[in-house]
Amino acid sequence: MNKKGMELFAAMDGVSDDMLNDALPPGTGVYEKKQKSHRFSGFFERPWVAAVISAAVALAVLTGIVWAGQQAAKDPTGFPGEIGGNPAGSNGDHNEFTSPVEFDTWPDYDNPPVPEDAKIVVSSGGYTIAPAEYIQWKDVWNSEEQKLEEIRGEMQWGELMPELDSGGDDSLLMKEISNLPRIPYADDFQMTLSNRLLELQYASAYKEYQQSYKFAYGVALDLGLHTVGDLMAELSEGSYYILVVAYERGADIEGTNKREGTMYEFVFRVDVWGKSDDKPIDPNEPIVPVDVQVFVATKQDTVPLRPYVSTATQYNEALGVWAEVRENGLDHLQEKSGELPTVIYDESFEIYIKELDGTATARYLYVYDENFEELGSYRTSGETFPWQPVELTTLSEGTYYVVLTFYQSGITIGDQKEKGTYDYGFKLVIDNDYAPETEYEEETIYVPSFPDLAPSDSIDIELYVRSELDEPQRLTPHTVWAFLYDDRAQQWVEIQGDGLNQRISELYDTLPIFTFDETIEWYLNNEEDQYSCKWYGTDLYDEHFNRVSDVEDMDPEELGPGKYYAVVGYYQAGREIVNYEHGIPAGNGDVADVAEVTQEYGYYEYGFCIVVPES
Amino acid sequence: MEDNKIIELYFARDEQAIMQTAARYGKLCQQVTMNILGNRSDAEECVNDTYLKLWNSIPPQRPRSLSAYISRIARNIAVDRYRSLHSKSYNRDLEVALEELAEITPADTSREVLKELVQVFLRSLDDTDRRLFLGRYWYALSVKNLAKAWGMTPNAVSLRLFKTREKFKAFLTERGYRYE
């Protein structure tokens, strides 16, 4: 037992009752009766929500929802006006094990009815779209305790998007993107709720950020904005996913102080461009996906380059045109020159390009002198672009600027794609007297020798499977996900993903086979492994590669005869990675100290086949 | 049956109290003890011990939150059992969680001080991070089950937990606590 860990584990006993009840995991039998909607609880507890929502006028001026405000005024006991009466109390006393409300009219919680008229209508620039509805939550409003009680909830966009911001799996969202309604933003933006019983609660905007989605501006009401139109007006240029949450009042529940209600979420996509605001454009936030990594390597150093978006164009289905949405790249070289990293030429010099999806085309390399006059350009191809020494010899001592430009398709929109032109640049110093004082210390500074971006091969997980009928056998890891912490973006960045879970249908016949019996188990070979890596679960697939859910103990009766494929996941820390922002040459011949080191993490998947016999 | 009625049964020394407690909180107790011990028979014994301790402590105690009160008793009993059984029993999931906690446990700090620090730190977290942290290190759920419980992906849960642990370490370092 880890005594040190147990000390903190035991010290957790001091946690308050409120926190414990709030964190009570679903599935314990009591959760369903007492847990509030975790998604909305924080929202309703914020003091500003009370201040904003309780003012009926705040809702009345919501775009196109005059009716909702009128109803709130007529019915002072109704939601959401009631929220104001208890702005912070709903989390205070958890002694509220009220009996669950039975809904005779809605017994099938797995297939809730979706009213035909629960829609929002968005109009902008002459286009009107009624987004598909995403039914979400069944709630009751408890007028005595002044709070909503969740009866049924299903995670959808509202949960998914913030999760993505923390590095979650975005495959679901990526898959759904192309189906979302998409409109151009115009100054006449309006949103109305077509159902008279719907009341707008709040709206959030999520900004597209490379291949993930960034929570951009918080909720509309959090900003003190009163309408979704106000929120839209605040957005800078770019593409956004707008989440609108609305509440529909239901009938009073006879004999109780409660009434039914349903939360709905609506999502649509809006493209904002051509606005005449004065907001500075942040070059750190390319608005279309970038799946390319570029490094410049010399004998002494390896410097990663960051992308500057030169132009990005997006196909607008409604308008039927490609529209340019940004121009801010190294066409403005002189303005940007101070931001470029410096590379000292030391007779060993190469530029490396790594495309993760192979969509970049038509690369060009431009060389400028220190007065930003173009000296020449070269068309490039292939994964690496070796700089020919003979070309360098034509350059005398001095400072030069080098810009690599290429064109890349982005995410799919219908049968079209987004497209962008990206620039990567650096300042090249040629100094024949350059002699760095700091030696490269391989044992303390790891510089990824591109394209070796796979997770550490120093992985030492020894995973075995054994059963009574089969000899123990060590499993071979199938790939992995590797993560690096991007200090600039303050988030984990996935640099490779090609796991067994994704490729089980291709790799199944390479897996060792075991006959199921009651003794089958998989285990780590030594204790050291158990502390250097973390187990993150086992997935089971049937012979058609469908995931078998809720199989905890691999009970043969539960599985039934046939072939199954198990994928065991482990997570392990890998190499230390230099934070390059602090490790680049300083330009005056010195090499700056490496100030920060971060760690690489890899996710490893091991697979094996289980045969459950007929009898 | 609602909590206050169950508590009244305890005060009336009515043995129905145990049955009603089992009906309402039996699954919770089983989960808490099972998560820690990883062994069904040991967990069941702990659940029975939990009921006995409830019977002996109410009255005079009148818990404000019965679910939290029961959870604490069950957890403490399970932790004691795990410590005493360790040479014979080994819960891999719990050991991984303990190892994660060990990495963020400062040197030479008493449990009482740690208790206070944890409480203050948890208040600084947002709802989701706090629930995940407590789910993992109080209710001893595996990452996979935690992800399932809160409708997230295991990757997202593990990364959020990782960040929260780092925050905890920074929180203590700022206050002068040191790590070996």
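Per chain, numbering begins at 1; letters A, B, ... match sequence-line order.
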(message) Counting only non-hydrogen atoms closer than 4.5 Å, does B:Arg75 touch chain A with its backbone (N, CA, C, O), its side chain (CB onward), both, or neither?
(response) side chain

(message) What part of B:Leu125 gets within 4.5 angstrom of chain A, counting heavy atoms only: side chain, backbone, both, or neither?
(response) neither

(message) For a quick test of reading the model, state the closest non-hydrogen atom pair linking B:Leu134 to A:Val15 and the distance between them.
(response) CD2-CG2, 3.8 Å

(request) Determine, step by step, whether B:Glu166 and B:Glu103 satisfy the side-chain contact (heavy atoms from CB on, under 4.5 Å) criterion, reporting the C-alpha distance in whole Å, the side-chain angles of both residues, the deciding distance to 0.1 Å, and the verdict. (result) CA-CA 9 Å; B:Glu166 292 294 300; B:Glu103 290 168 8; over 6 Å; no

(message) Looking at every heavy atom in both B:Trp55 and B:Asp14, which two are closest together, and how far apart are they?
(response) CZ3-O, 3.6 Å

(message) Heavy-atom cut-off 4.5 Å, strictly under: side chain, backbone, both or neither for B:Asp126 against chain A?
(response) neither

(request) Please state whether the side chain, the backbone, both or neither of B:Phe168 comes within less than 4.5 Å of a heavy atom of chain A. (result) side chain

(message) So for B:Leu141, is it side chain, backbone, both, or neither that comes closer than 4.5 Å to the heavy atoms of chain A?
(response) side chain

(request) Sort B:Leu146 into side chain, backbone, both or neither according to what part of it lies under 4.5 angstrom from a heavy atom of chain A. (result) neither

(message) Whether the B:Asn145 and B:Tyr139 side chains hold a donor-acceptor pair (N or O, under 3.5 Å, no angle test) is what I'd like checked.
(response) no

(request) Answer yes or no: does atom NZ of B:Lys53 have more than 12 heavy-atom neighbours from other residues, nucleotides or ligands under 6.0 Å? (result) no

